[in-house]
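The next block holds one structure in the form of structure tokens; read it before the comments.
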2 protein chains.
Amino acid sequence: MTLDRRSGCPINLSLEVFGDRWSLIILRDMIFGGRRHFRELLNGSMEGIASNILADRLKRLMELGMLTKADDPSHKQKAIYSLTEMAITLVPILAHLGAWGRVWLPTTEELSIRAELLEKGGPPLWDKFMDELRHEHLGAPLDATTGPSVRATLQAAYETVVAGKALGANPAA
Amino acid sequence: MTLDRRSGCPINLSLEVFGDRWSLIILRDMIFGGRRHFRELLNGSMEGIASNILADRLKRLMELGMLTKADDPSHKQKAIYSLTEMAITLVPILAHLGAWGRVWLPTTEELSIRAELLEKGGPPLWDKFMDELRHEHLGAPLDATTGPSVRATLQAAYETVVAGKALGANPAA
DNA sequence: CAGACTGATTGCATTTTGAAATCAGTTGCA
DNA sequence: TGCAACTGATTTCAAAATGCAATCAGTCTG
């Protein structure tokens with residue numbers, strides 16, 4: 001995980017930032033999972049990231065300007081990681097990645113419902129989501145948005161699918 | 001470069017397909033550079049890919065269903081690689097990646113002009129480009145598009161910038 | 001037939017990854 | 001006070017991936 005600068009091509013440079021198997025997973029968990037602490041990212045990671053890899057990637061993402069770190073007042077050793085604007089503007093890319101993966105790869109139903117809603121919502125929904133992230137992570141004022149947060153909506157949909165599948169597997173319930 | 005299947009999340013699965021430093025570079029060169037042969041990809045690669053890595057990734061991309069390989073009638077040992085629909089639908093993702101990189105990373109002017117035009121053209125231009133790629137790689141009929149191909153347009157813009165920079169550096173020319 | 005060209009493969013040193021154990025400081029609770 | 005649980009990491013070490021250079025066998029050209 002070095003910073004090569006192999007060429008000045010935008011696609012190449014983007015790949016050098018998150019062209020590995022973990023950086024985008026961490027950002028995904030922060031963006032969609034709302035995780036802000038090392039332990040949350042470590043234990044909550046569906047893919048089972050190792051602690052040394054997580055520490056390395058957090059450090060690297062900070063050096064790249066995608067994350068910042070602040071002390072958590074509640075615990076002297078606790079750190080809160082925040083997304084920068086640079087990371088928040090990845091939302092459309094993540095939405096497209098999810099949409100593409102949903103079409104072409106063997107995704108599971110409950111894990112792809114979020115991608116489906118994000119795709120259906122399109123740029124207006126992505127903008128609303130990015131605005132909420134700016135509020136959470138950068139302290140920006142929230143402009144008059146209505147209803148539940150995008151993350152809560154996506155999470156609720158996920159839980160509905162999970163509940164529905166449990167019901168389907170056990171109709172007597 | 002194994003096929004982990006760490007989770008059924010669409011973003012994770014997408015990363016397992018091209019979450020490395022070379023796969024998307026190869027696809028970029030095929031899509032935007034029109035390269036179809038091993039040697040073209042090897043020698044034309046701006047980032048200097050090694051031949052063993054290229055062979056490995058071509059094989060992997062075929063296994064994943066992103067590429068197909070056919071004999072070139074002009075030379076019994078020559079192979080022509082073609083994009084599948086799965087790979088062609090990456091165009092919007094590449095466009096977004098390029099747009100993001102252009103904003104946040106130290107791209108060079110001549111290498112980012114393509115990304116800029118692709119961003120400005122938006123989904124209609126991406127659709128036209130994908131249609132052209134389907135024609136080239138899948139033999140699909142080209143619906144009545146007008147004017148020069150998207151790739152030629154992007155290439156011309158690139159060359160204009162290069163020429164302009166040379167002029168700027170040497171006004172007497 | 002000589003030499004260039006085709007898509008690779010091989011060997012080997014270096015780098016990256018990943019899993020488990022461990023670390024030192026902090027906190028909550030008995 | 002004492003002690004277990006928790007904090008963000010770091011250490012260790014084997015395995016895997018990478019990158020470079022040399023090489024390969026078959027094919028075409030002059």
Side-chain angles (χ1 to χ4, degrees), chain A residues 1-7 12 15-26 29-30 33 35-64 66-82, chain B residues 1-7 12 15-26 29-30 33 35-64 66-82:
Chain A
M1 284 288 86
T2 50
L3 302 180
D4 280 1
R5 195 96 10 125
R6 301 180 294 188
S7 85
N12 172 59
L15 277 181
E16 294 188 13
V17 170
F18 44 75
D20 76 283
R21 295 166 97 67
W22 291 112
S23 298
L24 262 196
I25 292 288
I26 294 169
D29 285 348
M30 289 187 69
R35 307 194 212 288
R36 309 287 297 266
H37 301 290
F38 189 93
R39 288 287 156 175
E40 285 177 335
L41 288 163
L42 185 65
N43 300 327
S45 161
M46 212 156 33
E47 288 82 13
I49 192 170
S51 67
N52 53 345
I53 305 288
L54 177 58
D56 177 80
R57 292 304 188 281
L58 287 173
K59 186 175 151 214
R60 188 166 179 275
L61 288 170
M62 282 192 288
E63 286 166 0
L64 287 165
M66 308 271 285
L67 298 179
T68 58
K69 183 175 163 181
D71 291 339
D72 184 329
S74 78
H75 188 307
K76 280 187 186 163
Q77 266 192 325
K78 219 165 175 176
I80 302 182
Y81 291 93
S82 297
Chain B
M1 282 289 85
T2 50
L3 302 180
D4 281 1
R5 196 89 17 120
R6 300 180 296 189
S7 85
N12 172 59
L15 277 182
E16 292 189 14
V17 170
F18 43 76
D20 75 282
R21 295 165 96 67
W22 292 113
S23 299
L24 261 196
I25 292 289
I26 294 169
D29 286 348
M30 290 187 68
R35 306 194 211 289
R36 309 286 297 265
H37 301 290
F38 190 93
R39 288 287 157 173
E40 285 178 335
L41 288 163
L42 184 65
N43 300 327
S45 161
M46 211 156 33
E47 288 83 13
I49 191 170
S51 67
N52 53 348
I53 305 288
L54 176 58
D56 177 81
R57 291 304 189 281
L58 287 172
K59 187 176 151 212
R60 187 165 179 275
L61 288 170
M62 283 191 288
E63 287 166 359
L64 287 165
M66 307 272 284
L67 298 179
T68 58
K69 183 175 163 180
D71 291 339
D72 185 328
S74 78
H75 189 306
K76 280 187 184 161
Q77 265 194 327
K78 219 165 175 175
I80 302 183
Y81 291 93
S82 297

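Chain naming here is simple, since letters A, B, ... match the order of the sequence lines and numbering starts at 1 in each. Here the structure is a predicted model, which means the values were calculated and not measured.
Nucleotide D/dT7 holds its P atom 13 Å from the CG atom of A/L54, rounded to whole Å. The CZ-P distance, from B/F38 to C/dT9, rounds to 8 Å in whole Å. Between A/R6 atom CZ and D/dG19 atom C1' there is a gap of 12 Å when expressed in whole angstrom units. In this structure, A/R21 places its CZ atom 11 Å from P of C/dT17, rounding to the nearest Å. When rounded to the nearest whole Å, the span between CD of A/E40 and C1' of D/dC6 equals 13 Å. Taking atom CD1 of B/I80 as the reference point, atom P of C/dG7 lies 10 Å away to the nearest angstrom. Remark: P of D/dA5 and CG of A/L42 are 18 Å apart, rounded to the nearest angstrom. The distance from atom CZ of A/R60 to atom C1' of C/dT16 is 12 Å, rounded to the nearest whole Å.
No side-chain heavy atom of A/E47 sits under 4.5 Å from any side-chain heavy atom of A/R21. Side-chain contact check for A/L58 versus A/L54: some heavy-atom pair is nearer than 4.5 Å. In this structure, the side chains of A/L42 and A/R39 come closer than 4.5 Å at one or more pairs of heavy atoms. The shortest side-chain heavy-atom distance between A/S23 and A/V17 does not fall under the 4.5 Å cut-off.
Remark: A/K69, A/H75 in residues 68-75 of chain A come within less than 4.0 Å of DNA chain D through at least one heavy atom.
Side chain of B/A50, nearest nucleotide from D/dC20, C/dG18, C/dG7: D/dC20. The nucleotide whose nearest atom lies closest to any side-chain atom of B/I53 is, among C/dG7, D/dT18, C/dA19, D/dT18.
At the phosphate of D/dA17, neither OP1 nor OP2 sits under 4.0 Å from any side-chain N or O atom of B/R57. Phosphate contact (OP1/OP2 of C/dG18, side-chain N/O of A/W22, threshold under 4.0 Å): present.
Remark: B/F38 CZ to B/I80 CD1 distance equals 15.5 Å, nearest 0.5 Å.
Smallest separation of non-hydrogen atoms from A/M46 and B/S7: CE-OG, 3.9 Å. Scanning all heavy atoms of the two residues, the minimum distance from B/S82 to B/R36 falls at OG-NH2, 2.8 Å.
When the side-chain contact (heavy atoms from CB on, under 4.5 Å) test is applied to B/A79, the partners found at least two apart in sequence or on another chain are B/K69, B/Y81. Residues that satisfy the side-chain contact (heavy atoms from CB on, under 4.5 Å) test with B/L15, not counting sequence neighbours, are A/L24, A/I25.
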Write down the protein N/O and nucleotide N/O pairs, taken from nucleotides 1-4 of chain D, whose separation is under 3.5 Å; answer none if there are no such pairs.
none

Pairs under 3.5 angstrom, nitrogen or oxygen only, protein versus nucleotides 21-25 of chain D, please.
none

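When each of A/D20, A/N52, A/L41, A/L67 is paired with A/R57, the side-chain contact (heavy atoms from CB on, under 4.5 Å) condition holds for A/D20 and for no other.
For residues 70-80 of chain B, no residue pair satisfies the salt bridge (charged side-chain N to carboxylate O under 4.0 Å, His left out) rule, not counting sequence neighbours.
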